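Accompanying notes for the structure given below.
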Amino acid sequence: MVTRMARKSGLVGALLLCVVAALAQTVLPIDRQATKRTKALYKNLQRMAQKGFMFGHQDDLAYGTAWKYEKGRSDIKDITGDYPLVYGWDLGHLEIDSPVNLDSVPFALMQQLIKTGYQRGGVITISWHLNNPLTGKSAWDAAPGTVTAILPGGTHHQVYTAWLDKVASFMQGLKGKRGEYIPVIFRPFHELNGNWFWWGGSHCTPDEFTALWRFTVSYLKDIKQLHHLLYAYNTDRFSSQDAYLAKYPGNDYVDIIGFDIYQRNSPNEQFMADADTMLTHLEGMAAKHQKLPALTEFGGNNNDSLWWTNTLLPLLDRHRVAYALAWRNAGAKPNGEFEYYVPYKGHPAANDFLNLYNNDKTFFQKDVRKKKLYK
């Protein structure tokens, strides 16, 4: 096993040595006016995907299973002494002017924590569980005709553009210490092949979905002049490349492709087989369409104390993804559920997670020093 210290000292040098050789294969962001830091991030994500994967965690700096809003704390840091390299956040309820998102994270605090992660050299990805703009109810209110209503010419198009203006305002507020815009992997309309969200599955046609996606990207990029965003397209579980691409909006509108997968109650062997097939498809599509592959959300078997090194690590070791984002550690919820997707201090899998951390194929915050991904 390559030690973490050896890899840490050699990582930047190895990246520099492969600059010339990799340059011809480097794919640029779809936004030709993307900021220098956004272009650099995209380039370095591609390079690092050839060496291993970046580990990410949703809401990592905001709360854990037994704490909330403690400065500098993280469930991952409690175990490893380090932070994840990818920080996931969500803008749900920003559109209705709520001071907190759908998971009760104050938006003002979220902006501060995004800046904190970026200043450490981390990568930011943001999803958006936006309410149904037709009914005003939650993202899970799959009212017929919603997508049609918010497309140009639709009855609620202005409602949707007003919501996009709020997203743009939030993104414009993400700046580093020198006033530079913080690059963001924006992941709207996730799990688009499932029927649980109003934008998903049978609730809109492929043409309607692609029109919505293209309008959204064009509006943020060309009308609002946001040039620090990379756009991630992701499904839930899928059966084939054709199924995955059924609503694909086209290469000019997507930077990153990925999928979400949760193990739920399936055996480890079945989860590995399913994920292995989908990752193989994903890599093939990434190569064909010249996009960056990622495991945009995942959740595993919390009852298996060796799941991280016996299931996840062997699986991702066979494939190339830029990052893998574990979902949030919500802890105790009002419905009695105890929700978490990475181990916390004292959990039976904590030692195994530490072994994952120490593996040479996993990248956490300390593996990329400040600003290295943005140059």
Side-chain angles (χ1 to χ4, degrees), residues 29-39 41 58-59 61-62 69 86-119 122-134 136-139 146-147 149-152 154 156-190 197-199 212-233 253-256 374:
I30 58 169
D31 185 354
R32 295 301 182 250
Q33 298 182 59
T35 66
K36 289 177 63 175
R37 290 175 179 268
T38 305
K39 290 177 181 177
L41 174 63
Q58 185 75 7
D59 288 349
L61 301 178
Y69 312 143
V86 179
Y87 298 92
W89 303 97
D90 193 274
L91 296 183
H93 291 183
L94 179 74
E95 69 278 0
I96 58 173
D97 297 321
S98 171
V100 301
N101 80 345
L102 79 167
D103 296 319
S104 300
V105 180
F107 285 111
L109 176 63
M110 186 186 299
Q111 282 204 334
Q112 293 175 19
L113 295 178
I114 286 173
K115 293 173 184 178
T116 296
Y118 165 74
Q119 287 161 7
V123 178
I124 309 302
T125 178
I126 298 179
S127 52
W128 186 21
H129 286 80
L130 68 163
N131 277 9
N132 185 313
L134 180 62
K137 297 180 181 179
S138 79
T146 299
V147 172
I150 64 174
L151 289 174
H156 285 61
H157 179 63
Q158 290 186 339
V159 172
Y160 181 59
T161 56
W163 287 9
L164 286 178
D165 289 342
K166 295 172 185 179
V167 170
S169 179
F170 183 91
M171 297 294 190
Q172 288 164 343
L174 299 178
K175 293 183 179 181
K177 291 183 176 180
R178 295 182 176 85
E180 77 279 13
Y181 283 112
I182 297 173
V184 171
I185 299 170
F186 186 43
R187 190 168 64 97
F189 310 123
H190 66 295
F197 296 128
W198 58 260
W199 59 81
L212 175 61
W213 182 281
R214 291 174 181 177
F215 172 80
T216 301
V217 171
S218 296
Y219 189 84
L220 293 175
K221 177 170 63 73
D222 303 325
I223 303 301
K224 304 306 294 186
Q225 291 291 300
L226 298 181
H227 299 301
H228 58 295
L229 304 185
L230 299 171
Y231 295 90
Y233 168 95
Y253 296 88
V254 173
D255 293 299
I256 295 169
Y374 298 98

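Since the model is a prediction, treat every value here as computed from it, not as a measurement. Numbers here simply count residues along the sequence, with the first being 1.
- With a 4.5 Å cut-off on side-chain heavy atoms, Ile185 and Ile126 do not count as touching.
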Apply side-chain contact (heavy atoms from CB on, under 4.5 Å) to the pair Leu130 and Tyr160, showing each step before the final yes or no. CA-CA 10 Å; Leu130 68 163; Tyr160 181 59; 4.0 Å; yes
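- Checking Ile223, Ile150, Leu220, Leu164 one by one against Phe215, the side chain to side chain contact (heavy atoms under 4.5 Å, CB included) holds for a single residue, Leu164.
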Criterion side-chain contact (heavy atoms from CB on, under 4.5 Å) on Tyr374 and Glu180, from CA distance to verdict: CA-CA 11 Å; Tyr374 298 98; Glu180 77 279 13; over 6 Å; no
Just do the side-chain contact (heavy atoms from CB on, under 4.5 Å) check on Val105 and Val100 with the steps written out, would you? CA-CA 5 Å; Val105 180; Val100 301; over 6 Å; no
Ser218 and Tyr253: CA distance, side-chain angles, deciding distance, side-chain contact (heavy atoms from CB on, under 4.5 Å) verdict: CA-CA 8 Å; Ser218 296; Tyr253 296 88; 3.6 Å; yes
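- Within the structure, side-chain hydrogen bond (donor to acceptor under 3.5 Å, both in side chains) pairs that include any residue of residues 98-113 comprise Asp103-Arg328 (at least two apart or interchain).
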For the pair His93 and Glu95, evaluate side-chain hydrogen bond (donor to acceptor under 3.5 Å, both in side chains) and give the outcome as yes or no after the intermediate values. CA-CA 5 Å; His93 291 183; Glu95 69 278 0; 5.4 Å; no
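- Considering CG of Leu94 and NZ of Lys166, their distance stands at 7.5 Å, rounded to 0.5 Å.
- Atom CG of Asn131 and atom CH2 of Trp163 lie 5.5 Å apart (nearest 0.5 Å).
- With rounding to the nearest 0.5 Å, the separation of CG in Leu91 from OG in Ser127 is 7.5 Å.
- Using modelled atom types, one finds a donor on one side chain and an acceptor on the other under 3.5 Å when comparing Tyr118 with Arg37.
- Checked against the 6.0 Å centroid threshold, His190 and Tyr233 do not count as a close aromatic pair.
- Asp255 contributes a side-chain N or O that, together with a main-chain N or O of Tyr231, makes up a donor-acceptor pair within less than 3.5 Å.
- Nearest heavy atoms, Pro29 versus Leu230: CB-CD2, 3.8 Å.
- Taking CG of Asp31 as the reference point, atom NZ of Lys221 lies at 5.5 Å (rounded to 0.5 Å).
- Checked against salt bridge (Lys or Arg N to Asp or Glu O under 4.0 Å), Lys175 has no partners two or more places apart in sequence or in another chain.
- Under a 3.5 Å cut-off, the side chain of Ser169 and the backbone N or O of Asp165 do not form any donor-acceptor pair.
- Smallest separation of non-hydrogen atoms from Val184 and Leu174: CG2-CD1, 3.8 Å.
- When all heavy atoms are compared, the tightest approach of Gln172 to Tyr181 is O-CE2, 3.3 Å.
- No donor-acceptor contact under 3.5 angstrom links the side chains of Gln158 and His156, judged on distance only.
- Here the straight-line distance linking atom CZ of Arg32 with atom NZ of Lys39 works out to 8.5 Å at 0.5 Å rounding.
- With a 4.5 Å cut-off on side-chain heavy atoms, Trp213 and Pro188 count as touching.
- A donor and an acceptor atom, one from each side chain of Thr116 and Tyr87, are nowhere located under 3.5 Å apart.
- Smallest separation of non-hydrogen atoms from Trp89 and Gln58: C-NE2, 3.2 Å.
- Residue Gly117 comes nearest to Leu61 through the heavy atom pair N-CD1, 4.4 Å, listed as atom of the first residue, atom of the second, then distance.
- Taking CD1 of Ile182 as the reference point, atom CG of Leu229 lies at 12.0 Å (rounded to 0.5 Å).
- The closest donor-acceptor contact from the side chain of Thr216 to the backbone of Leu212 lies under 3.5 Å.
- Closest heavy-atom contact between Leu102 and Asp90: CD2-OD1, 3.2 Å.
- A donor-acceptor contact shorter than 3.5 Å is absent between the side chain of Thr146 and the backbone of Trp198.
- Taking Thr161 as the reference, nothing meets the side-chain hydrogen bond (donor to acceptor under 3.5 Å, both in side chains) condition, with sequence neighbours excluded.
- Aromatic pair His129/Phe197: ring centres closer than 6.0 Å.
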